[in-house]
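One structure is given below, encoded as structure tokens.
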Amino acid sequence: LDLYIYELTRTFPQLFFIFFKKIIDPLSDIFDPLNLIIICLIIILLIFNFKYLLKNKNKFNLIKEKTGLTSEKIINSVDYFSLICRHFIVSLALAGILCNLIKYVMGVARPKYFFNEGFERIDFFNLYHKTNSFPSGHTQAAFTVALLFMIYLKRYYFLIFFIAALMGISRIFMSMHFPSDIFFGAYLGAVIPVFLYNFYKPKIDSFDSKNLVSFNDFIKLIYWRIFI
């Protein structure tokens, strides 16, 4: 079935291949896990710096004046978003590590090398790039990011899922993966952040939403912290 579905996609009009290569695949670079991890680390460092800012009343009062936020909202919000960033970092890192370990163990040849260069379908414990098709790392990353956004945005579920699915499917049309690689990559990518959320949820739920700022206000808070 895996081979049949893959070969069936070869019969699709060329427009499909152009769409996935030119429009969908570049999204993988934008939402690359490493980029998101770096962004989250930067935010955590800035948040950590807030602890020192509390000692400087003049600067802290200036931030309150610029943002119009109370001390309680600022302190609660930086702790809250710091927790979310930690969830992002751990989920992205753990899912990526597990995905690559499975790739090494399974040693599944990528479609274009299996069909065109006569590679074995499975060659266990192989680090060779051409034989680390299962599971799809791009799909795993797409669904890990998607589930994290779903958990915290609590909206746009269908749109987020649809974009992640397209990112996964694009790997088939680019001859990099079989359908089973996509399916398991999506499963792994979705399970990890949900599993880890169980550990973060009690702390996240302990925050009173009335004492938290919106994400837009949090960005403004970070902006003023950088320039004050």
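Position 1 is the first residue of the sequence; numbering continues from there. Scope of the values below: all heavy atoms of this structure, side chains included, with no hydrogens, waters or symmetry mates.
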Exceeds 12 heavy-atom contacts within 6.0 angstrom, atom [atom1] of [X]:
X: F48; atom1: CZ; result: no
X: K210; atom1: NZ; result: no
X: F161; atom1: CZ; result: no
X: F184; atom1: CZ; result: yes

Is it the case that the ring center of [Y] lies less than 6.0 angstrom away from the ring center of [X]?
X: F195; Y: F199; answer: yes
X: Y187; Y: F143; answer: no
X: F134; Y: F178; answer: no

Handout entry: Parallel, tilted or perpendicular: ring planes of F207 versus Y80, cut at 30 and 60 degrees
Key =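 F207 vs Y80 ring planes: perpendicular.
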Exercise for the section: Would you please classify the geometry between the F215 ring and the F218 ring as parallel, tilted or perpendicular, with 30° and 60° separating the classes? Expected result: tilted
With a 4.5 Å cut-off on side-chain heavy atoms, are [Y] and [X] touching?
X: K203; Y: Y200; answer: no
X: V108; Y: K103; answer: no
X: I42; Y: L45; answer: no

Using every non-hydrogen atom in the two residues, find where [X] and [Y] come nearest and quote the distance to one decimal.
X: E120; Y: A109; answer: O-CB, 3.2 Å
X: I182; Y: G168; answer: CD1-O, 3.1 Å
X: P33; Y: A141; answer: CG-CB, 3.4 Å
X: P135; Y: L188; answer: CG-CD2, 4.5 Å
X: T144; Y: P193; answer: O-CG, 4.0 Å
X: A95; Y: Q140; answer: CB-NE2, 3.2 Å

What residues, two or more places apart in sequence or in another chain, satisfy side chain to side chain contact (heavy atoms under 4.5 Å, CB included) together with [X]?
X: K64; result: F60, N61, S71, I74
X: Y104; result: F125, L127
X: Y197; result: H87, I151, Y152, K201, I204
X: A146; result: I160, A164

Problem - NZ/NE/NH1/NH2 to OD/OE distance under 4.0 Å, D208 and K73 - result: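 Result for this pair is no, no salt bridge flagged.
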Roughly how far, to the nearest 0.5 Å, is [atom2] of [Y] from [atom1] of [X]?
X: N76; Y: T70; atom1: CG; atom2: OG1; answer: 8.0 Å
X: C85; Y: I47; atom1: SG; atom2: CD1; answer: 5.5 Å
X: I89; Y: C40; atom1: CD1; atom2: SG; answer: 5.0 Å
X: S77; Y: L69; atom1: OG; atom2: CG; answer: 7.0 Å
X: F20; Y: M174; atom1: CZ; atom2: CE; answer: 11.0 Å
X: M150; Y: R155; atom1: CE; atom2: CZ; answer: 14.5 Å

Exercise for the section: Cation-pi check, R10 to Y6: give yes when NZ or CZ is under 6.0 Å from the six-membered ring centre and within 45° of the ring axis, no otherwise. Expected result: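 Flagged: R10 positioned over aromatic ring of Y6.
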Handout entry: Non-neighbouring partners of S82 that pass side chain to side chain donor-acceptor pair (under 3.5 Å), sequence neighbours left out
Key = R86
Problem - side chain to side chain donor-acceptor pair (under 3.5 Å) partners of S214, counting only residues at least two apart - result: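 If we apply the side chain to side chain donor-acceptor pair (under 3.5 Å) test to S214, skipping adjacent residues, the hits are D217.
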Practice task
Starting from the C-alpha separation in whole Å, work towards a yes-or-no answer on ring-ring contact (aromatic ring centres under 6.0 Å, His included) for F173 and F12.
Solution key: CA-CA 9 Å; F173 281 87; F12 280 49; 5.5 Å; yes
Practice task
Begin with the C-alpha distance, continue with both residues' side-chain angles, and end with the deciding distance and a verdict on side-chain contact (heavy atoms from CB on, under 4.5 Å) for L92 and L148.
Solution key: CA-CA 9 Å; L92 292 167; L148 287 166; 4.3 Å; yes
Exercise for the section: Establish, from distance only, whether the side-chain atoms of S170 and D25 form a donor-acceptor pair under 3.5 Å. Expected result: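 Not at all, the side chains of S170 and D25 share no donor-acceptor pair under 3.5 Å.
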Handout entry: Side-chain donor-acceptor contact under 3.5 Å, H138 with S28
Key =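 Result is no, nothing qualifies.
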Practice task
Verify the cluster assignment for L41 and L221: are they in a single hydrophobic cluster under the rule of side-chain heavy atoms below 4.5 Å apart?
Solution key: yes
Exercise for the section: Please check if F17 and F115 belong to a single hydrophobic cluster, counting links between Ile, Leu, Val, Met, Phe, Trp and Tyr side chain heavy atoms closer than 4.5 Å. Expected result: no
